[in-house]
There are 2 protein chains.
Amino acid sequence: MNGQFQIATHVLTLLCKQPGELLSSDYVAGSMNVNPVLVRKEMRKLRACGLIESKEGKTGGYSLALPPQKITLADVYKAVKLPPALGQAKNKPNPACPVGKQIGAHLDHLADDVEAAIIKKLSTITIFDFVNQFD
Amino acid sequence: MNGQFQIATHVLTLLCKQPGELLSSDYVAGSMNVNPVLVRKEMRKLRACGLIESKEGKTGGYSLALPPQKITLADVYKAVKLPPALGQAKNKPNPACPVGKQIGAHLDHLADDVEAAIIKKLSTITIFDFVNQFD
DNA sequence: TGTACTGTAATATTTTTTATTACAGATAAA
DNA sequence: TTTATCTGTAATAAAAAATATTACAGTACA
């Protein structure tokens, strides 16, 4: 559960709690003690995936692009994970070793399976569900 | 899928393929182009969890402490994850914000759920299974 | 007694993450 | 139309984490 996912989820939570309002990156960053530029970077990914919308200029900011019941945490996870999303193993095993030669592929396959399990779990929880846990 | 898990799995694979032999950290490290001290560090964790045994002195090295059918990748995952294993979120949200005040706990809970999903998946695969994928 | 290991600490290097600074472009309002 | 306040983005710096290196004590064997 890395920092990027935390930022994205935090922002979506705020947007969900204040529907209709445009929230600025400064406001949001202040709410989580993080740098505004990082917030804008994560927002770019969320927007690329169609989860949020943004408006530039004075009175600009961010808002949800979908009802919170339609956004799952799996969507968020996949959005912030871009752009790698393909080929994550920088293996450097000894190719002269029969195990070393093959293990990279097997570990990659395993990583894919684990990734799928994570996404399956996260796909059962929407932002709406998540926010409803709050008092 | 971090480097520590990779090292641990790689070593266990080698141990499984060469039963009865004691493998040295130097040999193993050479097989995966990694520093021998890192290998010894991971081995300490695996031994603490009873997955391997080690022997010091000349002709020393590492061997499996259990039949490979009894070691799951979940065991490995949990072993290398020590010692944190408790309280992973270094949250620094603004406590003056009602969302910031609570989100840390909710994200921690979520992280626990995801962790459980990962372990569930990995517990279905033994080292024996993993090694059997190799030619 | 010398050799070849593990165990471990201390330190350095590399990589990754996060923060900062800077500024162009957009939009609204004075 | 000018000024203020945003987003978007790049470039750079600082901090944190992962990995590598060096060093050496302790152990076991031949």
Side-chain angles (χ1 to χ4, degrees), chain A residues 1-8 10-11 14-15 18 21-49 51-65 80-84 88-94, chain B residues 1-8 10-11 14-15 18 21-49 51-65 80-85 87-94:
Chain A
M1 203 64 53
N2 68 15
Q4 296 171 11
F5 180 83
Q6 286 196 23
I7 289 174
H10 198 138
V11 176
L14 292 171
L15 292 176
Q18 302 179 55
E21 291 181 49
L22 289 182
L23 304 187
S24 75
S25 61
D26 257 48
Y27 169 78
V28 163
S31 154
M32 68 181 84
N33 284 327
V34 91
N35 195 282
V37 177
L38 271 193
V39 171
R40 300 206 283 267
K41 275 185 187 164
E42 295 315 310
M43 293 304 95
R44 167 159 50 170
K45 299 180 196 166
L46 296 184
R47 191 188 47 219
C49 293
L51 305 183
I52 63 153
E53 289 170 341
S54 65
K55 184 187 166 196
E56 294 187 28
K58 196 170 183 176
T59 76
Y62 302 97
S63 59
L64 292 181
V80 301
K81 208 124 210 278
L82 307 172
Q88 68 277 40
K90 46 179 172 183
N91 294 305
K92 45 181 178 178
N94 187 340
Chain B
M1 206 61 55
N2 68 16
Q4 297 171 11
F5 181 83
Q6 286 195 25
I7 288 174
H10 199 137
V11 176
L14 291 172
L15 293 176
Q18 302 179 56
E21 291 183 50
L22 289 181
L23 303 187
S24 75
S25 61
D26 257 48
Y27 170 78
V28 163
S31 153
M32 68 182 82
N33 284 327
V34 91
N35 195 283
V37 177
L38 271 193
V39 171
R40 300 205 284 263
K41 275 185 187 164
E42 295 316 309
M43 292 306 95
R44 167 159 52 171
K45 299 181 198 166
L46 296 185
R47 191 188 47 218
C49 293
L51 304 183
I52 63 153
E53 288 170 343
S54 65
K55 184 186 165 196
E56 293 188 26
K58 196 172 181 177
T59 74
Y62 303 96
S63 59
L64 291 182
V80 301
K81 210 127 209 278
L82 307 173
Q88 68 278 44
K90 46 178 176 188
N91 294 305
K92 44 181 179 182
N94 187 341

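Below, each value reflects all heavy atoms present in this structure, side chains not excepted, and no hydrogens, waters or symmetry copies. Residue numbering restarts at 1 for every chain, and letters A, B, ... go by the order of the sequence lines. As the structure is a computational prediction, the values presented were derived from the model and not from experiment.
- Distance check: A:Leu15 CG to A:Leu64 CG gives 5.0 Å after rounding to the nearest 0.5 Å.
- One can place NZ of B:Lys58 at 15 Å from P of C:dT1, the figure rounded to the nearest angstrom.
- With sequence neighbours excluded, the residues satisfying side chain to side chain donor-acceptor pair (under 3.5 Å) with B:Thr59 are B:Lys55.
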What does the list of N/O pairs under 3.5 Å between the protein and nucleotides 8-11 of chain D look like, with a distance for each?
| unit_1 | atom_1 | unit_2 | atom_2 | d |
| --- | --- | --- | --- | --- |
| D:dG8 | OP1 | A:Arg47 | NH1 | 2.0 |
| D:dG8 | OP1 | A:Ser54 | OG | 2.7 |
| D:dG8 | OP2 | A:Arg47 | NH1 | 3.4 |
| D:dG8 | OP2 | A:Tyr62 | OH | 2.9 |
| D:dG8 | N7 | A:Arg40 | NE | 3.1 |
| D:dG8 | O6 | A:Arg40 | NH2 | 3.1 |
| D:dT9 | OP2 | A:Arg44 | NH1 | 3.4 |
| D:dT9 | O4 | A:Arg40 | NH2 | 3.2 |

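- Every residue two or more places apart in sequence or in another chain that forms a side chain to side chain donor-acceptor pair (under 3.5 Å) with B:Gln18 is listed here: B:Tyr27.
- What separates CD of B:Glu53 from P of C:dT6 is a distance of 15 Å, to the nearest Å.
- The distance between atom NZ of B:Lys45 and atom C1' of D:dA18, rounded to the nearest whole Å, is 11 Å.
- Residues passing the side chain to side chain donor-acceptor pair (under 3.5 Å) test with A:Ser54 are A:Arg47, sequence neighbours excluded.
- When B:Lys81, B:Lys45, B:Lys41 are each tested for a side-chain hydrogen bond (donor to acceptor under 3.5 Å, both in side chains) with B:Gln4, only one passes: B:Lys45.
- Expressed to the nearest 0.5 Å, how far CG of B:Leu51 lies from CE of B:Met43 amounts to 9.5 Å.
- Between the side chain of B:Asp26 and the backbone N or O of B:Ala29, no donor-acceptor pair lies under 3.5 Å.
- A search for side chain to side chain contact (heavy atoms under 4.5 Å, CB included) contacts involving B:Glu56 returns nothing, not counting sequence neighbours.
- Here C:dA12 presents its P atom at 18 Å from CG of B:Leu38, a figure rounded to the nearest Å.
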Show me the donor-acceptor pairs within less than 3.5 Å that the side chains of residues 31-38 of chain B make with the rest of the protein, sequence neighbours left out.
| unit_1 | atom_1 | unit_2 | atom_2 | d |
| --- | --- | --- | --- | --- |
| B:Ser31 | OG | B:His10 | NE2 | 3.1 |
| B:Asn33 | ND2 | A:Lys92 | O | 3.0 |
| B:Asn35 | OD1 | B:Val37 | N | 2.9 |

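- A:Gly57 comes within 4.0 angstrom of a base, heavy atoms only.
- With rounding to whole Å, A:Asn2 atom CG is found 12 Å from D:dA18 atom P.
- Atom NZ in B:Lys81 sits about 10 Å away from atom P in D:dA18, given to the nearest Å.
- The distance from atom CZ of B:Phe5 to atom P of D:dA18 is 16 Å, rounded to the nearest whole Å.
- A heavy-atom distance below 4.0 Å to DNA chain C is reached by these residues of residues 22-35 of chain A, ordered by number: A:Val34, A:Asn35.
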